[in-house]
Amino acid sequence: MEARILAAVRHTLAGVVRDTATPHGMAHPLSDATIEDLRQCLSLISARERELGLARGPQPAERPAFADAPVRDGQVIRVHRGKDRSGRD
């Protein structure tokens, strides 16, 4: 539950940052202190998410995988190609 709360808060804060972004050279609607507070909050959220992840250990779905990496837990199924229309195998 804590991880879901952290993810929701992080997503909301990132949305506020994105929605209030201004073009370069324009004054930002948020004060410098508020911007720093947002940075600190996002940093704390990231640190806690990292702690939770380390305590939980790596989950299979969270491990990075390459598309060309061999499948470890799967079965290899050989597919026989039939003859094509030209009569070749």
Side-chain angles (χ1 to χ4, degrees):
M1 180 58 102
E2 183 181 359
R4 289 177 55 199
I5 292 169
L6 290 170
V9 173
R10 179 178 33 82
H11 181 75
T12 302
L13 291 177
V16 169
V17 170
R18 198 173 25 257
D19 290 348
T20 60
T22 57
H24 183 68
M26 289 186 64
H28 201 282
L30 301 176
S31 69
D32 290 341
T34 300
I35 292 170
E36 184 57 31
D37 289 344
L38 284 168
R39 286 184 181 136
Q40 292 298 319
C41 286
L42 289 168
S43 177
L44 289 170
I45 290 168
S46 294
R48 184 60 184 147
E49 286 176 330
R50 194 168 28 258
E51 288 174 353
L52 290 174
L54 290 173
R56 183 181 64 233
Q59 301 296 307
E62 294 175 350
R63 292 181 180 166
F66 294 98
D68 61 348
V71 178
R72 292 186 220 174
D73 296 336
Q75 293 180 339
V76 176
I77 300 173
R78 297 186 187 269
V79 178
H80 175 71
R81 288 182 43 187
K83 294 182 180 181
D84 64 10
R85 293 181 185 203
S86 67
R88 295 179 296 184
D89 282 334

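Nothing fancy with the numbering, it's 1 onward along the sequence. Below, each value reflects all heavy atoms present in this structure, side chains not excepted, and no hydrogens, waters or symmetry copies.
Under the 3.5 Å distance criterion, the side-chain polar atoms of His28 are left unmatched by any main-chain donor or acceptor of Thr22.
The hydrophobic clustering, which links ILVMFWY residues whose side-chain heavy atoms are closer than 4.5 Å, places Val9 and Val16 apart.
Thr20 OG1 to Ile35 CD1: the interatomic distance, rounded to the nearest 0.5 Å, is 7.5 Å. One distance of note links CD1 of Ile5 with CD1 of Ile45; it measures 11.0 Å at 0.5 Å rounding. If you take CG on Leu42 and CG on Leu6, they are separated by 11.0 Å, rounding to the nearest 0.5 Å. Here Leu52 contributes atom CG and Arg50 contributes atom CZ; the two are 11.0 Å apart, rounded to the nearest 0.5 Å.
For residues 1-19, every residue pair satisfying the salt bridge (Lys or Arg N to Asp or Glu O under 4.0 Å) rule, not counting sequence neighbours, is listed here: Glu2-Arg48, Arg10-Glu49.
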